[in-house]
Each structure stands twice: as structure tokens, then as C-alpha cells.
4 protein chains.
Amino acid sequence: MEYNSGSPIYLQVINELKKKMVKGELKPGEKMPSNRELAVLYKVNQNTAARIYREMEMAGYCYTKRGIGTFVSEEEYMFDNVKKEMAEELLKNFVHEMHDLGFQKGEIIEQIADYEEEQK
Amino acid sequence: MEYNSGSPIYLQVINELKKKMVKGELKPGEKMPSNRELAVLYKVNQNTAARIYREMEMAGYCYTKRGIGTFVSEEEYMFDNVKKEMAEELLKNFVHEMHDLGFQKGEIIEQIADYEEEQK
Amino acid sequence: MEYNSGSPIYLQVINELKKKMVKGELKPGEKMPSNRELAVLYKVNQNTAARIYREMEMAGYCYTKRGIGTFVSEEEYMFDNVKKEMAEELLKNFVHEMHDLGFQKGEIIEQIADYEEEQK
Amino acid sequence: MEYNSGSPIYLQVINELKKKMVKGELKPGEKMPSNRELAVLYKVNQNTAARIYREMEMAGYCYTKRGIGTFVSEEEYMFDNVKKEMAEELLKNFVHEMHDLGFQKGEIIEQIADYEEEQK
DNA sequence: GTGGTCTAGACCACA
DNA sequence: GTGGTCTAGACCACT
């Protein structure tokens, strides 16, 4: 993983983890990597790893059992919401930037349809 | 303007200027801001401003008359190409990230259609 | 090295480096001096050294591995072309200046033959 | 005229004037431009113009009649020598740089013959 | 005023 | 250690 985006690394890692939850690579109730493992996996300082879990726990994405580990939240409905939120975020930015380039609303759908077509 | 992304400032400004050209806010043959003005406009050092124009000139987006100023390229066809390229770039990233979130091809178009609908 | 000519230092150094490539003193794939070394070697600022390599890379004379170094391009055929181009440039200027002095085409060859003879 | 070469402007102008003498554009005994005229012609300060004639006179290329003007030297043989000297200077530099590029003695004549051929 | 070059010194990410 | 970027401040030539 590369940390380009200028936003703090811990936010970038949180985003990656959220994606994994959304995609089901991290399933509800599943044990997440330990602080130390996370630090190694993402080439991050342990303090940063700790902060990542702290923030995610506060947001409800996971919970911690002291001495045992950190686990993916079992509130399944949450991940659907997260997926929607993240998708909307992407979508909003994308549409905004396309408008910024001078594309009208209809054109954007055309473009994307064309692109999907090409990929087939 | 804010400089969030990890890419170098000079590239971000180049991108902004390219957008302006694509959108017709900077018209072919038109005088662009002087180095010093650009530096102020984008809160950038004069050297960075100079580099921006130097790189854009090398890429064919503008040309320079010493002692006079920097001017938008008069090769009009170029800007259509640029618009297409920039749109494809945005599109590619967007689709990739949506796939990364677990959305299938068809779903993406639905989402975007829904979003456009909401905006009306 | 002295910087007499009116052309910018970075161009003069680029020319020197191109000569070294053409003459085989810098071989394809070989590591070139680091930015900092180049700066010392040619008594130039590090920024200027960086610019030299940046421009040479854009022209295809070398390539860069971040954190590792700058290397002579491995496109061997290129250096033959460069040699020809540089020779033609010298030749064109020389002939032009000799004509300017009033020498006719044939005379120039005589002169140069005489000179070569002297040197033996 | 452009003053690129980094050498002092007065030397560059002297060189131009010597060329004109060698080519017969300034003939022995002919009146040369006044200081003021020279200053205008070569976009040079009058002091510089004065220095140019002073140095040329010291070298024997011209002589001054007070109150009348500056005249091209009448020693005709001199210009043949000058022509030879300037040609040798050009030639020496040219051959040196070609050697520097890796060309052997014989090759240089070939090259120049080829070039003259092309021009026909 | 314009663009172009150069230096000095700093900080970053990569390895 | 490497290359890459950025700033600050200076000087030049051209107009």
C-alpha cells in the first residue's frame, strides 16, 4: 500500500479496513489482526495501529475484548450503510469532477456506459 | 485552492489549469497569468510557478514569448483530446474504486442514475 | 569545467554528459553520479543537478529509480543517433562560420586536410 | 545581433568587425562608423564603442584621425593573416570538439565532405 | 514589466 | 543514502 493522498495515514488505513468489511473480507464477529500484526501489515507504527482501532471502535466498526483482541462488529446492517456511504462519497466526487470538466448530467452516464462496454 | 493529495503541488496546479483550458476559461491564444501572478493566485513560489509553465509548455499546452508572457496553445484540437483523457482518468479510477467496494458493473450505472435523479 | 557560453549551465552540463555517453565513458545501464555528487563535480547547485537529470530523463537519455539513483538509458541505438546529431550541429556551425569568413565550400576541406596533416 | 557567448560584448563586436574586414565589407582605408554610429548599430554603450576602436587600433586593425574619424588599416596583407588566424581558430575548435565526440582524424573529413555534398 | 536561471537551504518518501 | 519538491531571494536579458 502506498500513502499518497496527503490525508493522515491512520485515516487511510481505516478506509482500507472499512473496504475489507464492506467486501466481506472481514466478516462480522471475526477477529481482526492484533495491534502488532496490523502495524506490520500496513508498515505503520504500533501507536498508529492502536489509534486506528480506537477510532474504529468509537465509530462502531469493531469492538475490543481486553486481553483477547479486536473483533469486527456484529451489527451486520452497519456494513450495508457503510458501503452506501462510501459509494456515495465516491460518486459525489466523481460527478462533481466530471461537471468541473464541463460534462452535463446526461453525458456522464453515457461515458460510463461506454467505458463498461469497452471493458467487456 | 487546497493541496491535499499526495501529488506534487505543481502537478495539481497544472491539472487545474488544464481543466480551465478544457472548460474554455482559458481560451486558445489567450495570455495566461504571469509567473508572478500565478505564484500569488495559487499561493505558490515563483520558481514553482515557472516550473508549472515550463512543464506545460513542454507538453504543448502553452507557449512562451520571452519578456512578453505565456499564452494558451492555439492548437484547439488538443483540448478536446485533453478533455477526453482527463475524463477517462477520472472514470477509470471511479469504476476501479467502486469495483473495489464490491459493486458490479451494472450496479454502478444504477447508482449514478439514481444520484443524478436525486439532484434534479 | 568553465561556463563561458551564454547558454544556461544546465544545458552545458547536459551536453557534457551526452558527450560522455556518446564516447562510452558512461555506458548504458551504468549508474550516473548522484544528484549531490553531480552538484559537486560540476560545481553546481543541487537543484540544478536535479534539473539536469530531470531534463535528460524526459529526453530519454537516462532513467531514474527513486531512492536508488539515476542510470544511463539502456537504449543503445540512441547514442549513435545522438553522436550523429551532435556532430551535425558542430559541423553546421563550423561550415556556416567559415562561409561567413568568406571561404568557399572546397576551401574548407582543403583547410581541414592541411590542419590534419600538420597534426601528424 | 545577439550577445550570447558569455565573452565581453566589446570582444564580440570586435570579432564582427574583423569578419567584415576579412570579407571585404570594410575595405582598407575606408571610413568606419563613428563611435556614436557604432553604438547605435550594435546596440552598445558609447563607452563600449570607444573601447572597441581603441583595442582595434592597438591591434593594428584601424587607425584614428582626430576630429575626422576611424579608418580601416591600409596594410592589406594584415587581413589575409587575420583571415587565416580566425579560420585556424574555428578549425582548431571544431576538430577538437569532433575528437571529443570520438571521431578519428579521417572521419572528420569524410563527414564534412558528406555535408558539403548534401548542401549541393 | 516579462520569463529564465541559479543558489541556498530545507523537508519528504523511498530503500 | 537516493531522488523529488518547495521556498526564498537574487540576477539576467528582453520589451
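All values below come from the heavy atoms of this structure, side chains included, with hydrogens, waters and symmetry mates left out. Throughout, protein chains are lettered first and strands after them, A, B, ... in sequence-line order, and every chain is numbered starting at 1.
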Interatomic distance, [X] [atom1] vs [N] [atom2] [rounded to whole Å]:
X	N	atom1	atom2	answer
C/Tyr63	F/dG4	OH	P	14 Å
B/Ile14	F/dT5	CD1	C1'	13 Å
C/Lys31	F/dT2	NZ	P	6 Å
C/Gln46	F/dC6	CD	P	17 Å
B/Asn35	F/dC11	CG	P	19 Å
B/Glu57	E/dG3	CD	C1'	10 Å
C/Lys43	E/dA8	NZ	P	13 Å
C/Met56	F/dG4	CE	P	14 Å

Would you find more than 12 non-hydrogen atoms of other residues, nucleotides or ligands less than 6.0 Å from [X] atom [atom1]?
X	atom1	result
D/Lys84	NZ	no
B/Lys27	NZ	no
C/Glu76	CD	no

Distance-only donor-acceptor test (3.5 Å): side chain C/Arg36, base F/dG3: yes
task: Give a yes or no on whether a donor-acceptor pair under 3.5 Å exists between the nucleobase atoms of E/dG9, that is its base, and the side chain of C/Asn47.
output: yes
field: Residue whose closest nucleotide on DNA chain F lies nearer the 5' end, B/Arg66 versus B/Leu11
entry: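 Nearest-nucleotide comparison on DNA chain F picks B/Leu11.
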query: Considering Watson-Crick and G-U wobble pairs with both distances under 3.5 Å, what does F/dC14 pair with?
result: E/dG1
query: Of all the nucleotides listed (E/dC6, F/dG3, F/dT5), which has the minimum atom distance to the side chain of C/Ser34?
result: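 Selected nucleotide: F/dG3.
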- line: Picking from E/dA15, F/dG4, F/dT15, the nucleotide nearest the side-chain atoms of B/Ile68 would be F/dT15
task: Tell me whether the OP1 or OP2 atom of E/dT5 has a side-chain N or O from C/Arg51 closer than 4.0 Å.
output: yes
message: Any side-chain N or O of C/Thr64 below 4.0 angstrom from OP1/OP2 of F/dG3?
response: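 It does not, given that no N or O in the side chain of C/Thr64 lies less than 4.0 Å from OP1 or OP2 of F/dG3.
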message: So B/Tyr10, base contact, sugar-phosphate only, or nothing? Heavy-atom distance under 4.0 Å.
response: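 Since only primed, P, OP1 and OP2 atoms lie under 4.0 Å of B/Tyr10, the category is sugar-phosphate.
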- request: Using a 4.0 Å heavy-atom cut-off across all strands, classify B/Thr48 as base, sugar-phosphate, or nothing.
  value: base
task: Kindly compute the distance separating CE (B/Met56) from CG (B/Leu17), expressed to the nearest 0.5 Å.
output: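 Between B/Met56 CE and B/Leu17 CG, I get 5.0 Å after rounding to 0.5 Å.
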task: Sort out for me which residue in B/Lys18, B/Lys20, B/Lys19, B/Lys83 forms a salt bridge (charged side-chain N to carboxylate O under 4.0 Å, His left out) with A/Asp100.
output: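 It is B/Lys19, the one option of B/Lys18, B/Lys20, B/Lys19, B/Lys83 that forms the salt bridge (charged side-chain N to carboxylate O under 4.0 Å, His left out) with A/Asp100.
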